[in-house]
Amino acid sequence: MNTIKLELEKALDAETSEAMKAIAPEIENAVNTLYSGSGAGSENLGWINLPAEINHDFLTEIESSANNLRRRCRFVVVIGIGGSYLGAKAVIEALLDSFASYRKDNKTTVLFAGHNIGEDYLADLQEFLEDKEFGLINISKSGTTTEPAIAFRLLKQQLENKVGKGEAQRRIVAITDAKKGALRTLADNEGYKTFVIPDNIGGRYSVLTPVGLLPIAVAGFDIRVLVAGAQNMMQQCKNSSIDKNIAAQYAAIRNVMYRRGKKIELLANFNPKLHYFAEWWKQLFGESEGKDGKGIFPASVDFTTDLHSMGQWIQDGERTIFETVISVENVNNTLVIPDDKENLDMLNYLAGKRVDYVNKMAELGTQMAHVDGGVPNIRIVIPAVRENYLGAMIYFFETACAISGYTLGVNPFNQPGVEAYKKNMFKLLGKPESK
Ligand code: PA5
């Protein structure tokens, strides 16, 4: 059963349709390269069969660790950056009540740190946590990333001072490499509960490992349903026939667009809960494809919000963009626009209509305007923002990204470029050479 639909009609003119036919053999080749493990970076393909390999006992272990943290802590700070936080943040923000942080109930709330070097951010966080029951999930594959290391050092000290070393040990979970790295050594020395980030899964492909699953479970969401959604999508992504594989079709249209001068892809949503899903998507595609002087620039917008800021550029600016809209068929609530006697805002023509109906018309109107304005429009349609469809989208985008990267002619699993700023920063900071 298809949980996700891919609609390409509004991106296809006569020439693009021809180009899609022409690129099909390259795409099918890329699918075969990916699933046979014969391409560049094939040592990082642990994510490919992951949804099918996740078993009941593994999920039970994650759930029980999550329950332990939920019992002890009102707030759990997830410390990580890039692939070590964006997947969890994307899923949690998509599923969470938008005003959860203002509620006065006792549900455990997940906070994030270690994804910046903001002194004010960390100081605010420490002040906020001063009188709160909190715990930490420290996530770093390498164990040496500066941003999370600083945050962990500060928060670990704060927690130990507050509850004592013994209780702190019970409230800290480390997710890192099985054997190597500073965080592995620290966790073993301190006796923290640990989970492993498999060697053959890179950060941006790790959301279905404990990196994503533990924080998502702590936030109270159903990781079994999330994984089941990914499993379902996995079956069809393996199909080397482009007609039957929507990940391959998405990879094909992206490469066709790129070759026709569309160098920027805008991922748009009409549901603000998907904001961080786009942040995750940007890392996935940006780090995977932006190398060797090539790659579509992945950008994102939240509509209709950004129609009032970026709308002008999208409609009339340089014609180097195409748009991919994540369209949600059904919202989770019902809200009807009320009638108003005065009707000063002239809104009575919408009285009795659902807010989502207005949003859907905005979506359709935007599509028509952008296509008219020379912005090809791709739609990815999901039935609702729920765990199973998010799981399916995660696997869909991961696979599409790998196929797209191979078609572009890059290794989609490395990220040599991210070292450049670190080298300079370490030199400026006077970091001693590691022995
Ligand atoms: O995708 C990646 O590999 C990166 O974004 C990393 O996840 C990020 O730099 C964090 O690295 P680490 O988990 O080693 O701290």
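The first residue of the sequence shown is numbered 1, and numbering continues consecutively from there. Both counts, for ligands and for their atoms, begin at 1 and track the order of listing. Computed from heavy atoms alone, side chains included, the values below leave out hydrogens, waters and symmetry copies.
Centroid-to-centroid, the aromatic rings of Tyr250 and Phe396 come within less than 6.0 Å. The distance between the ring centers of His115 and Tyr121 falls below 6.0 angstrom. For Trp281 and Phe277, the distance between ring centers is not under 6.0 angstrom.
Ile62 pairs by the side chain to side chain contact (heavy atoms under 4.5 Å, CB included) definition with Phe58, Phe195, Pro210, Leu213, Leu214, Ala217, Ile223, not counting sequence neighbours. For the side chain to side chain contact (heavy atoms under 4.5 Å, CB included) test, residues two or more places apart in sequence or in another chain that qualify with Val301 are Leu266, Ala268, Phe303, Asp306, Met310, Ile314.
The list of salt bridge (Lys or Arg N to Asp or Glu O under 4.0 Å) pairs with a residue in residues 105-132, not counting sequence neighbours, is empty.
Each of Ile81, Gly82, Gly83, Ser84, Ser140, Lys141, Ser142, Thr145, Gly203, Arg204, Gln283, Glu287, Gln415 has a non-hydrogen atom positioned under 4.0 Å from some atom of ligand 1.
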